[in-house]
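Everything below concerns the one structure shown next.
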Amino acid sequence: MKKGTIRKLTLMTAAACVLTVISGCGSDPATESSSAATETTSQETQPAEPLVFTENVTDTADGYDYELWKDSGDTEMHIEAGGTFSCEWSNINNALFRRGQKFDCTKTYPELGNITVEYGVDYQPVGNSYMCVYGWTRQPLIEYYIVESWGSWRPPGAPFPVGSVTVDGAEYDIYKTTRVEQPSIDDIQTFDQYWSVRRTKPQTEGTKIEGTISVSKHFDAWKKCGLELGKMYEVALTIEGYQSQGKATVYQNELNIGGTYSEATDITVTVDEEALQKLAEADTGTPEEAGFFETNFETGTEGWVTRGGPLISVDKEHAAEGTQSISVCGRTDNWNGAAILLSSDTYKAGEAYHFRAKVMQNSGEDCTMKMTLQYNLDGEEKYDEIALSPAKSGEWITLENSAYVIPDGAEKLQLYVESPDSLTDFYVDEASGAACAE
């Protein structure tokens, strides 16, 4: 990536913040003082034996909230003393095991006080997985990650960071990504994700990782990059697996929240102004469902949005017709691409429609381009091929199906363009969705 204009904020070291553990991590934070000096031990409500779960569950034990969430596959989570737990997963699509505290979304993180996590994890992923601090805010709805380690793939797959922070003796890249019409704590929504991801995995003793995550300091760094959080819903030490298998034992998980918040003065933050500008130019806001459409991208992205994190932006150097197309760059998985939401008031299940788009890739090699429909059926995501074609590098091709039938019962329709056998960047132009010609 071409380096943008960098603004560097070097903050001098100050006295360490005083941190206390608030009484009852699962309690209503509105009843707690952010400067409370109360301290509780995890032994007060220690379960006699570990709690074991294999299906989705949310509850509180021993002063810590816990949650197991998965969309499919085999999972097992053991809830043990204090904030500790262990987990295993296999044959999954996506699964999260987390333990920390949930809040009532009445306070921002400065109002809660300083937040840190002391952790010790025996982490053994096989494939794609994260070991992180994870959570959500509302107003705005934000999903966030502070990633300490990972399996075979370093997240989040964004084309570039918007900054970096040095904190707790490590360097992290800062990213912003957007999820379009995906599951959230508030049902299906479009929302942003904020990320701090270590540049290198922490040094380990075998498979064991130990350290400190100064959560509030990461939040401070994000704010300097223009990434504002809302009212706190959750902060939790989390193991996530995606289409992988593995196991982890969290033998230390000390969540500390309290004291009087003060902005971090012992972190170094860089802000990439050019990267932020690129994101701002590519940001199309909340997408709307489209009826019949003909898009030539002469006035912008015209309702097309990212699928899976690549950057979607107007390109003035490549066009099948006219002067502009959209560029899809920074793909990290084959299903990443460009999408448009389809209105179910226009596109009826069981009826046929004409879909078409011109695409070009410049990978230097032949690859396959594909137009796909994502839809929901009985609460599950499904996928159906609309059109598929080989594509030579540097040549525009047409993906087209003049009589594609929307599957019976399909809801929440997304049409998208992808490359199922390549991670190439590509361009889309002259896209349309219309009734079938009589």
Q.
Suppose we call two aromatic rings close when their centres sit under 6.0 Å apart. Are W195 and Y145 close by that rule?
A. yes

(Q) Please enumerate all residues that pass side-chain hydrogen bond (donor to acceptor under 3.5 Å, both in side chains) together with D122, with sequence neighbours excluded. (A) Q124, T207

Q.
Looking only at the aromatic ring of each residue, does the gap between the centers of F160 and Y175 stay below 6.0 angstrom?
A. no

(Q) Could you report the tightest heavy-atom contact between R99 and T84, atom names first, then the distance? (A) NH1-O, 2.7 Å

Q. Taking atom OG1 of T372 and atom CG of L415, what is their separation to the nearest 0.5 Å?
A. 8.0 Å

Q. With sequence neighbours left out, what residues match D173 under side-chain hydrogen bond (donor to acceptor under 3.5 Å, both in side chains)?
A. R154, R199

Q) Does N336 reach the main-chain N or O of R331 with its side chain, forming a donor-acceptor pair under 3.5 Å? A) no

Q: Check whether the ring centres of Y109 and Y261 lie less than 6.0 Å apart, and answer yes or no.
A: yes

Q.
Using the rule side chain to side chain contact (heavy atoms under 4.5 Å, CB included), only one of V180, I312, T178 pairs with V305; which is it?
A. V180

Q) Considering residues, nucleotides and ligands other than E365, do more than 12 of their heavy atoms fall under 6.0 Å from its CD? A) no

Q. Going by heavy atoms in the side chains, are Q414 and R307 under 4.5 Å from each other?
A. yes

(Q) With a 6.0 Å cut-off on the ring centroids, do F85 and F97 count as close? (A) no

